[in-house]
Amino acid sequence: MNLRPAVLADSELLQAWDRQPHVIAATGDDDAINWDAELTRDVDWQWNFIAEVDGRPIGIIQVIDPQREETHYWGDVEANLRAIDIWIGPPSDLGRGFGTIMMQLVLEFCFANPTISGVLIDPLASNTRARRFYERIGFHFVEYRRFGNDDCAVYRIDRPQ
Ligand SMILES: CC(C)(COP(=O)(O)OP(=O)(O)OC[C@H]1O[C@@H](n2cnc3c(N)ncnc32)[C@H](O)[C@@H]1OP(=O)(O)O)[C@@H](O)C(=O)NCCC(=O)NCCS
């Protein structure tokens, strides 16, 4: 598996993934992502990665600096963090260990920046499978928090010592 930056040519695939029931179930009431806009803007607080297995795209990871992200989704949050969204597109690729490797690779990316002290993630509180997945990777539960209309469970993983 490798992670590569997502590009405009990925937009159609990402829109198709967004229509998958398992992605809709994990996304809550957030507005649909405008991928054409998302993939063409040039900002230094967001990174979009496509995960590929043998050259085949299977998932997407979005990384933001939650303090600097433009909508201030995370509100008043400390500096030097990253926040992640992750999902696998094709349903046949769920539960095969790919998500675990994606998380390992993206945590390496985040902590390669020596100023980064921790990484946040905010699954829906009801997404018990994703929560178990993050806990197994080493995230710890921080708090329940409402983002817009969504009841989420905030998790954090600190820089490995
Ligand atoms: C969460 C996700 C990235 C994990 O990747 P994965 O490759 O499926 O997971 P792995 O095979 O490495 O690990 C297996 C674990 O993943 C989780 N998982 C598996 N299928 C899942 C699914 N359909 N939805 C949520 N979590 C799932 C479970 O915790 C599973 O462990 P379990 O079998 O003991 O329940 C992936 O399942 C996914 O994209 N799910 C749907 C979207 C989602 O929930 N994203 C997270 C939003 S915060």
Side-chain angles (χ1 to χ4, degrees), residues 1-7 10-35 38-39 45-67 69-75 77 81-111 116 118-158 160:
M1 172 180 304
N2 77 301
L3 299 186
R4 62 155 174 87
V7 293
D10 296 311
S11 179
E12 225 167 282
L13 179 64
L14 289 164
Q15 290 173 51
W17 288 352
D18 284 350
R19 292 191 290 271
Q20 292 286 343
H22 69 276
V23 176
I24 293 170
T27 329
D29 265 0
D30 282 357
D31 289 340
I33 298 176
N34 177 343
W35 285 110
E38 199 84 344
L39 297 171
W45 42 257
Q46 178 167 351
W47 302 262
N48 300 309
F49 295 107
I50 295 283
E52 291 183 334
V53 174
D54 299 329
R56 183 175 65 89
I58 60 122
I60 170 98
I61 307 175
Q62 292 195 290
V63 182
I64 59 165
D65 177 336
Q67 195 188 48
E69 183 272 323
E70 64 187 349
T71 70
H72 299 293
Y73 174 85
W74 282 88
V77 65
L81 296 178
R82 295 290 181 252
I84 291 179
D85 278 319
I86 176 172
W87 61 101
I88 286 173
S92 53
D93 287 315
L94 292 166
R96 298 176 62 188
F98 294 148
T100 301
I101 303 172
M102 286 167 73
M103 288 299 294
Q104 285 164 354
L105 293 174
V106 78
L107 290 173
E108 272 171 34
F109 165 80
C110 292
F111 289 124
I116 297 303
V119 176
L120 302 172
I121 205 146
D122 64 330
L124 293 176
S126 58
N127 193 349
T128 47
R129 293 193 74 182
R131 293 177 62 176
R132 198 160 60 223
F133 168 78
Y134 299 134
E135 284 164 13
R136 209 158 33 216
I137 283 163
F139 282 80
H140 61 265
F141 175 75
V142 178
E143 61 178 348
Y144 288 110
R145 189 168 160 187
R146 199 170 171 89
F147 290 98
N149 292 325
D150 296 328
D151 288 317
C152 295
V154 175
Y155 284 81
R156 174 175 175 143
I157 191 166
D158 292 314

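Counting convention: from 1, in listed order, for ligands and their atoms alike.
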TODO: Just need the protein heavy atom nearest to atom 39 (O) of ligand 1, so name the residue and atom and give the distance.
DONE: Ile88 N, 2.8 Å
Open item on the list: As an exercise, identify every atom of ligand 1 less than 4.0 angstrom from a heavy atom of Thr100.
Closed with: 10 (P), 12 (O), 13 (O)
Open item on the list: Check this for me: does any side-chain nitrogen of one of Arg82 and Asp65 sit under 4.0 Å from a carboxylate oxygen of the other?
Closed with: yes
Task: Under 4.0 Å to a heavy atom of Ala26 - the qualifying atoms of ligand 1, by number - done: 42 (C), 43 (C), 44 (O)
Task: Minimum-distance protein heavy atom relative to atom 7 (O) of ligand 1 - done: Gly99 N, 2.7 Å
Open item on the list: I'd like to check which ligand 1 atoms, numbered from 1 as shown, lie under 4.0 Å from a non-hydrogen atom of Gly95.
Closed with: 6 (P), 7 (O), 8 (O), 11 (O)
Task: Residues, nucleotides or ligands: over 12 heavy atoms within 6.0 Å of Asn34 CG - done: yes
- [ ] Report yes if Val23 has an N/O atom closer than 3.5 Å to an N/O atom of ligand 1; otherwise report no.
- [x] no
Task: Asp122 N/O under 3.5 Å from ligand 1 N/O - done: no
- [ ] Do me a favour and list the nearest non-hydrogen protein atom to atom 36 (C) of ligand 1 with residue, atom name and distance?
- [x] Leu94 CD2, 3.6 Å
TODO: Have a look at ligand 1 and work out which part of Asn127, if any, has a heavy atom under 4.0 Å from it: side chain, backbone, both or neither.
DONE: side chain
Open item on the list: Against Tyr155, only a single residue in Glu143, Glu135, His140 fulfils side chain to side chain donor-acceptor pair (under 3.5 Å); can you say which?
Closed with: Glu135
Task: Ring centroid separation Phe139 to Tyr134 under 6.0 Å - done: yes
- [ ] Decide if atom CD of Gln15 counts as having more than 12 heavy atoms of other residues, nucleotides or ligands within a radius under 6.0 Å.
- [x] yes
Task: Least distance between heavy atoms, Pro57 atom then Leu13 atom - done: CB-CD2, 3.6 Å
- [ ] For atom 11 (O) of ligand 1, find the nearest protein heavy atom and state the residue, atom name and distance (0.1 Å precision).
- [x] Gly97 N, 2.6 Å
Open item on the list: Side chain, backbone, both or neither: which applies to Tyr134 and ligand 1 if a contact is any heavy-atom pair less than 4.0 Å apart?
Closed with: side chain
Task: Atoms of ligand 1, numbered as shown, that sit under 4.0 Å from any heavy atom of Pro123 - done: 48 (S)
Task: Atoms in ligand 1 with a heavy atom of Trp87 nearer than 4.0 Å - done: 39 (O), 42 (C)
TODO: Starting from atom 16 (O) of ligand 1, find the nearest protein heavy-atom neighbour and note its residue, name and distance.
DONE: Phe133 CD1, 3.5 Å
- [ ] Locate the shortest heavy-atom distance separating Val106 from Leu3; write the atom from each residue and the value.
- [x] N-CD1, 4.0 Å
TODO: Going by heavy-atom distance to atom 45 (N) of ligand 1, choose the closest among Leu124, Ile60, Ile86, Ile61.
DONE: Ile86
TODO: Determine, for Arg56 against Asp93, whether the closest basic-nitrogen to carboxylate-oxygen distance falls under 4.0 angstrom.
DONE: yes
TODO: With atom 25 (C) of ligand 1 as the reference point, say which of Arg132, Arg129, Met103, His22 has the nearest heavy atom.
DONE: Arg129
Task: Proximity winner for atom 34 (O) of ligand 1, if only heavy atoms of Arg136, Arg96, Gln20 are counted - done: Arg136
Open item on the list: Show, in sequence, the C-alpha distance, side-chain angles and deciding distance for Asp18 and Gln20, and conclude whether the side chain to side chain donor-acceptor pair (under 3.5 Å) test is met.
Closed with: CA-CA 6 Å; Asp18 284 350; Gln20 292 286 343; over 6 Å; no
Task: SG on Cys152 to CD1 on Ile121, rounded to 0.5 Å - done: 11.0 Å
Open item on the list: Between Gln46 and Glu70, is the side chain to side chain donor-acceptor pair (under 3.5 Å) condition met? List the steps.
Closed with: CA-CA 10 Å; Gln46 178 167 351; Glu70 64 187 349; over 6 Å; no
